[in-house]
Chemist: 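Here it is, the structure in full.
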Amino acid sequence: MSGNDSSFSIHARELGSWENFIYLIHDHATGRAAVVDPAWDVPAILDMAREQDVRITDVLLTHSHPDHINGVEELLAETDAQVHLLKAEAEFWGACPVVPTLYHGGDVVQIGETPVELWHTPGHTPGSACLHLPGHLIAGDTMFVFGCGRCDLRGGDPEQMFNTLRRIGEALPGETVVHPGHNYAVKPTSTINEQRAGNPFMQFDQLPDFVHYRMHEHDRVRNAPYAAVDRATLTGGG
Ligand SMILES: [Fe+2]
């Protein structure tokens, strides 16, 4: 699976027992690549890079949960990659095994000629990031296809998640491609338009309704693979 732009491409590999998506951002002009959330199977990640004939120069982390970072040290033993992370997540994590370059929301990491904007999108963890590239959003565990990350783990906050998802939905053009952190849905990628229409977590106008659904309702009434949800079903209007 890949997303292609004129100047970069995004390649995905599902790895590990929790259906994580590991992404490779390939900058065509320089042959450089960034691995997003190296975890589970570093030889498979290195194979991806070989298949694309790219040099891994950077590692971008969406957040610090083990299933997204458990390959960082092994990958750094094999490459000279620089690790990039939001300062807020580094502070939450407290035990990053390598020395990352730290950023604030809105900062841009340049992978060759490809700009990757780090959005601070708290809710799943305090320093969760989404990576915005022209026409694409790599969403980590902030947004899944027709879902969103849990907010009941340490550092999670459903109120922040409500605001984060609202901001994403308002800020991005509808045709933006969403690349989630896990393969939990009926399809691996989606668009912002499709999520605005069918992601249950983007259907609530009132914060308390969202918080109740995220914290007490969703996991009881819904199972993966996630499909589109009708707004009327959620609000009890139909
Ligand atoms: Fe997570």
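Order of listing sets the numbers, starting from 1, for every ligand and every atom in it. Since the structure is predicted, the reported quantities are computational estimates derived from the model, not experimental observations. Hydrogens, waters and symmetry mates are skipped; everything else that's a heavy atom, side chains included, is used.
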Chemist: The Fe ion (ligand 1) as vertex, arms to OD2 of Asp141 and ND1 of His65: angle to 10°?
Modeler: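 Rounded to 10°, it measures 170°.
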
Chemist: May I ask you to check whether His120 and His104 place their ring centres under 6.0 Å from each other?
Modeler: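 Ring centres of His120 and His104 not closer than 6.0 Å.
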
Chemist: Does His68 put an N, O or S atom under 2.8 Å from the Fe ion (ligand 1)?
Modeler: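 Coordinating: no.
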
Chemist: When you measure from the centre of the six-membered ring of Phe210, is the NZ or CZ of Arg214 under 6.0 Å away and within 45° of the axis?
Modeler: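 Judged by the rule (NZ or CZ under 6.0 Å from the ring centre, within 45° of its axis), Arg214 is not positioned above Phe210.
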
Chemist: State whether a side-chain donor-acceptor pair under 3.5 Å links Arg166 with Asn163.
Modeler: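 No, no side-chain donor-acceptor pair sits under 3.5 Å.
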
Chemist: May I ask you to decide if the ring planes of His65 and His124 are parallel, tilted or perpendicular, using 30° and 60° as cut-offs?
Modeler: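 Plane angle over 60°, so perpendicular.
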
Chemist: Considering just N/O/S atoms, say which atom of His124 is closest to the Fe ion (ligand 1).
Modeler: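 Of the nitrogen, oxygen and sulfur atoms in His124, the Fe ion (ligand 1) lies nearest to NE2.
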
